[in-house]
Asks: 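First, the structure itself, so that you have it in front of you.
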Amino acid sequence: MAKTETKATSLERHGLTDEQLRQMFRNMLMQRQLDNRGFQLNRQGKVPFALGSEGHEALQAGAAMAFHRGKDILAPYYRDLGLALGIGLTPYEILLSLFARAADHNGGRQFPNHYSSKAAGLMSFSSILAAHIPHAVGAAYAIKYRKETERAVLVTCGDGTTSEGEWHESMNFAAIHKLPLVMLVENNEWAISTPLDKQMAQPEIWKRAAGYGMPGKRFNGFDPIATYGAVNEALERARSGGGPTLLEGTCYRYLAHSTDDNDMTYRTKEEVTEHRKDDPVPQFERSLLDARVMSIADVDAMKKDVLRETNDATDRAEAMPYPAASDLYTHLYEGAWQPWQ
Amino acid sequence: MAKTETKATSLERHGLTDEQLRQMFRNMLMQRQLDNRGFQLNRQGKVPFALGSEGHEALQAGAAMAFHRGKDILAPYYRDLGLALGIGLTPYEILLSLFARAADHNGGRQFPNHYSSKAAGLMSFSSILAAHIPHAVGAAYAIKYRKETERAVLVTCGDGTTSEGEWHESMNFAAIHKLPLVMLVENNEWAISTPLDKQMAQPEIWKRAAGYGMPGKRFNGFDPIATYGAVNEALERARSGGGPTLLEGTCYRYLAHSTDDNDMTYRTKEEVTEHRKDDPVPQFERSLLDARVMSIADVDAMKKDVLRETNDATDRAEAMPYPAASDLYTHLYEGAWQPWQ
Amino acid sequence: MAVTTSSKVLNNVEAVRETLYEAMKADDRTIILGEDVGNRGNVFLITKDFINEFGPERVIDTPIAEASIVGIAVGMAMEGLRPIAEIQFADFIYPAFNQIVGEAAKTRYRSNGEYTCPLVIRTPYGGGVRGALSHSVSIEALFYHVPGLKIVAPAFPADVKGLLNAAIDDPDPVLFLEHKKTYRLIKGEVPEGHYTIPLGKANVVKEGTQLTVVSYGLYVHWALEAAQQLQSEGLSVEVVDLRSIRPMDKATILSSVEKTRKLLIIHEDNKFGGIGAEISAMVAEEALFHLDAPIRRHCAPDVPAMGYALPLEEEYMSSPAEMAQAMREMVKF
Amino acid sequence: MAVTTSSKVLNNVEAVRETLYEAMKADDRTIILGEDVGNRGNVFLITKDFINEFGPERVIDTPIAEASIVGIAVGMAMEGLRPIAEIQFADFIYPAFNQIVGEAAKTRYRSNGEYTCPLVIRTPYGGGVRGALSHSVSIEALFYHVPGLKIVAPAFPADVKGLLNAAIDDPDPVLFLEHKKTYRLIKGEVPEGHYTIPLGKANVVKEGTQLTVVSYGLYVHWALEAAQQLQSEGLSVEVVDLRSIRPMDKATILSSVEKTRKLLIIHEDNKFGGIGAEISAMVAEEALFHLDAPIRRHCAPDVPAMGYALPLEEEYMSSPAEMAQAMREMVKF
Ligand SMILES: Cc1ncc(C[n+]2csc(CCOP(=O)(O)OP(=O)(O)O)c2C)c(N)n1
Ligand SMILES: Cc1ncc(C[n+]2csc(CCOP(=O)(O)OP(=O)(O)O)c2C)c(N)n1
Ligand SMILES: [Mg+2]
Ligand SMILES: [Mg+2]
């Protein structure tokens, strides 16, 4: 790490304070730690399923930093660990979801990574790809209809999900009504085993924006600050009545799709290794060190703290009870409706 | 008609012969006559429903002229009387559909204007908007897969139908596989009562092509020759392996959406009158006269002949029997399957 | 049902219109969205002039995109509005199936109660109007199996209003089915002001002793006509109007069947796997030894829908005369 | 069934794979399309290496867009190919509902036979695999009401092959449901070569005299286990594997019920409006006076699906022990 000995480089920071830069970095470290933990718990047979956002850390930490807590709404998808953390969910909440415990927001009903938290403004979503996007549009409509300025909806999905019809219908409606919405596509080049060129003929998703009559922009999703800049600008525009934006953040999925997947059936180790050169976590670490926002000691301490918090959250979550069998029957309707009354 | 006395003007004709020009004009006259007949029969209480393509005559006559009979496939929608005629359906067949007679291709099962003819290469479609577009894509895939060069699929829909998710999914797939497909949008500014600006924020539909990675083009759908030029170029490209094209023809819907609609609930007489100035039928008549492709006498004779054929077809179709009650049960499956076997 | 003092005669279209109007007046969280609901005021003119009074923000002419009509309404509902989404014809609800079955029905459940989906989806269904294959279908059987949904299909104007009010007030998604042939055909007294009829309650619209007929929608009216005919022949038929399809009213059906000891289920939809299957199964489970005759279902043939040509529509649809004949056979069994 | 000389032991995944492979070999009109069916060879590796052997034109990794997966397959089928479309999990078939119910099922009918739609849609369904709300559902009841469709849900490897061959050969659209828990769990002898088992024929997989159990999919295996248990207690249960859900086999069910005089229907899907409703209704119509006990349906509770947490899944799913208990109660009624 000879680089830390050189003079501090100046950082394009889009107005982010040192403290915010450190928060973003901590979010990224936490994502990686929790990803790791999920796969580890799966190998240990403690959880049947886990899914990682490795490669998306910068994109998600940067986007989350632009989110206004208590104001904005997030409609994420299953790969958005870093967004969930960044808007305020705790590692403990993440692990409750992973362990499917009763205290999980979903009561252990949904797959891990299907976060929801009304308190945090995180909309509930299902496993059905793209189905949450019209919900985000509806929420943005509610915000606009109630004239709640200073609020916007951030909705995310993967590159593959833009192929769904509901994606198109949502973009079109958001544009017509100039809704306070930011559609952020996390383009990691893969949809399970399907590469981008089998998903679309023209790989720059942001270019579809013009067809809908909204601004579009692409940014380097390996750079949390560039991400913050793009998402912040789009959210600000949305909050102030300027309508929706289509953003595309480029990144990469380093891990297999999930613990159920073996990515070596459809891509090579070499490809993955090649992309590892751009790994956003060490890259951002270097930037922060170079810019003297953090020292090596700071980084080490933060990594330790992230590990400690992860361990702690794991232990606490694991110790919590499963939902009871009788919980299968609750919260279907308000009140006790049966199909035969 | 003083103009016919002036010198012949030269016509941009994209290689169309005089005979082809006259055919297109006859198609346009026939459309108008049959539209008229449908609404008339409805007012007489002889058919419960009719629907007109008035305003689309040039677009459809021009597009149909680019269709290669016995080779290409047409996947139209319900407003495509002129396309159906142009690829070979007879007024008699149209009227069988209007009267829901047993001899209709659909056996009187579907609404009027839901043509289908395997012999003519006209794919069966339902009333569910956009649902036929993936079928057209599948047909184009079959053509390409079987390496049948010199064949392509022409699929049409209205401006409003481009909002459906299936439209998007179809465009995307066609682009990925470079299919021999031409998506022709007939933009008549209305979807029943919904004007274009409530249907989309950016009104130039052809511009969406770039987002999918295919060529797009807009043309004046009031001009049958310009239409022919655009559709022919796109079909030629499709037939020769150049992949799909998104075409947008601008036109106008002069009549109410159907005999069930009263368009004065949502637009003014003045608006319609204003657009009448561009009426493609008299306009093309003038062009043909100006270019000396037809004389006034030719035109009059053609109009008479079209009326005669319409009257004749009406009488013949009306005289045909309805399907029998027992026809409700046929052609559900191959063979006599019952849900309880 | 709240006590109301006055009433007036409305048809089913007017009952829907009046109820929607009052809901728009009463609560500005109420939003109507769908194709052509604005300037045109819906293809049956149900929301005519609403857009002028309530503005285009509350009466939204949507693009032609049913999945998002429902999906956007789900999002609105999750975020505190009270959307009433319209599907122009029930035949076009299929593209929205994912949003109804996968999303709306599961929002509360999957979030363990954190998010709810107070949404009404209204749609005209049913045949006998020369609507051909794609403007005539019955859709209730495609949805009634789905936990998380409620489904209503009223037949009388007063029920339309009371049940639509209940659906709008309901904190969960309700599919509200309006039989389009009854729209102008069926008139009746409708109480003024706001009242609700509880979801899940059937109604005995004619008492009788020798046979229970269960039906809903247009066919309730035809079944009543047939039952009156039998009455004049000295045969006594009880007619139950289901009104709600999910939940369904077990108590009313069972107590009627236990009295008459015979059950005829009549519906316009085709038979195999239709609503009648569940009714029959429930009765066979709960009241088998009360039955003096096999349960019978008088339903449409198992074909996709009625054809456009008149003979095809007539063959698909039943009639009061056919129903009377089925009733006679059952009573005399 | 054609006479075949040899056989080998396969599980259900292998039976699907072998059948698809042979279909691809036999007819180059056969096209497989779906998400991740290419290089990955489907998420269960069913089509692994197919893309190398048959090429990406015949093994199409589609975009994530279910409506068009089915819709494009419909178009292919209308134009002479024989597509086999895959929906990655049955839970994701909802967006394709329009194309299946509105289009595929009606292509032949609406064109009066001019166009046909020889299409197979394969999809893994069912629970017991920790698939949570959206990788566990049963979907058969959402489709079985639809005229124009055929639906198959085999339980044994030999049936998988014979019925999938029949589905592929069939000139009309077939929804082919593969219970994912049986994929690797269930093994059995599978004849070599091409043979078909006719659609619409149930199979008596265990004979018995005191009770008829009708089931399909995974639960056939559990019902067999329970029936063996009862056998050891001296109680005789007949188990009918439905195999086809539309059409269903009336003769086999009725002749079994007429013999045993009692009927228990078991399915994994929730009860209200499920397949069991139609079976019960049919028997109540056709064999009411042969019944010595009320028909009973042993089904999942009426909730959207099983939760992810183990206790929720266990509560949702039945078990051989629970089935045995239900059988005991019926036999002793
Ligand atoms: C409607 C639907 N179809 C298919 C799936 C199965 N599936 C889950 S994730 C996935 C790939 C998604 O790819 P992308 O949108 O690029 O997101 P990524 O996983 O790459 O972040 C698929 C096909 C699903 N969950 N929902
Ligand atoms: C899926 C679906 N939704 C709604 C309808 C009802 N509908 C029939 S035509 C129409 C308007 C179509 O407008 P456009 O596509 O512009 O075609 P145009 O009639 O103007 O030629 C609508 C909404 C339908 N047939 N199918
Ligand atoms: Mg991706
Ligand atoms: Mg239009």
Side-chain angles (χ1 to χ4, degrees), chain B residues 47-49 97 99-102 104 106-112 114 125-131 157-168 191-195 197-200 257-258 260-263 265-267 321-332 337-340, chain C residues 34-45 48-49 51 56 60-69 71 88-89 91-96 98-99 129-137 270-274 277 300-317:
Chain B
V47 304
F49 183 79
S97 148
F99 281 116
R101 295 311 196 233
D104 168 38
N106 295 326
R109 289 178 172 189
Q110 291 221 67
F111 257 173
H114 288 59
F125 61 98
S126 77
S127 301
I128 301 174
L129 294 172
C157 72
D159 43 290
T161 300
T162 64
S163 301
E164 288 280 7
E166 295 187 9
W167 187 87
H168 167 70
I192 307 186
S193 74
T194 307
D197 64 349
K198 288 188 169 188
Q199 200 74 239
M200 59 195 77
H257 175 73
S258 74
D260 282 349
D261 181 34
N262 170 10
D263 59 332
T265 56
Y266 52 81
R267 63 180 184 184
Y322 265 144
S326 61
D327 288 335
L328 186 71
Y329 305 98
T330 58
H331 297 302
L332 177 51
W337 294 89
Q338 293 299 322
W340 278 113
Chain C
E35 294 155 12
D36 304 298
V37 298
N39 286 336
R40 165 90 190 146
N42 144 304
V43 292
F44 297 99
L45 307 183
K48 193 161 150 40
D49 296 328
I51 194 166
I60 310 172
D61 273 322
T62 64
I64 304 172
E66 291 74 13
S68 61
I69 291 174
Q88 194 164 79
F89 287 90
D91 316 63
F92 310 136
I93 206 167
Y94 306 148
N98 185 40
Q99 284 292 336
V129 298
R130 301 300 299 279
L133 294 187
S134 295
H135 293 76
S136 302
V137 299
N270 55 297
K271 180 175 176 181
F272 188 84
D302 284 305
V303 299
M306 59 204 79
Y308 179 58
L310 192 58
L312 301 178
E313 177 168 300
E314 285 173 347
E315 177 69 11
Y316 185 94
M317 298 291 284

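Below, chain A is the first sequence line, B the second, and so on; all start at residue 1. Because the structure is a prediction, the values reported are computed rather than measured.
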Asks: Does any heavy atom of chain C fall under 4.5 Å from the side chain of B:I192, the backbone, both, or neither of them?
Replies: both
Asks: Kindly give the heavy-atom pair with the smallest separation between C:F92 and B:S127, and that separation in Å.
Replies: CE2-O, 3.7 Å
Asks: Which heavy atom of B:A324 sits nearest to which heavy atom of C:L312, and what is that distance?
Replies: O-CD2, 3.6 Å
Asks: When rounded to the nearest 0.5 angstrom, what is the spacing between CZ in B:F111 and CZ in C:R130?
Replies: 9.5 Å
Asks: Can you measure from CG (C:D36) to NZ (B:K198) and round to the nearest 0.5 angstrom?
Replies: 9.5 Å
Asks: Please classify the contact between C:I69 and chain B as side chain, backbone, both or neither, with a heavy-atom cut-off of under 4.5 Å.
Replies: neither
Asks: Heavy-atom distances under 4.5 Å only: say whether B:W340 touches chain C with side chain, backbone, both or neither.
Replies: both
Asks: Find the distance between CZ (B:F99) and OH (C:Y308) and round it off to the nearest 0.5 Å.
Replies: 10.5 Å
Asks: What closest approach, in Å, do B:A100 and C:A309 show between heavy atoms, and which atom pair accounts for it?
Replies: O-CB, 3.4 Å
Asks: Can you say whether B:I128 sits under 4.5 Å from chain C via the side chain, the backbone, both, or neither, judging by heavy atoms?
Replies: both
Asks: Can you name the nearest heavy-atom pair linking B:S163 to C:A65, along with the distance?
Replies: O-CB, 3.5 Å
Asks: Could you tell me whether a side-chain N or O of B:Q199 sits under 3.5 Å from a main-chain N or O of C:I64, the two making a donor and an acceptor?
Replies: yes
Asks: Roughly how far, to the nearest 0.5 Å, is CG of B:D263 from CZ of C:R40?
Replies: 9.0 Å
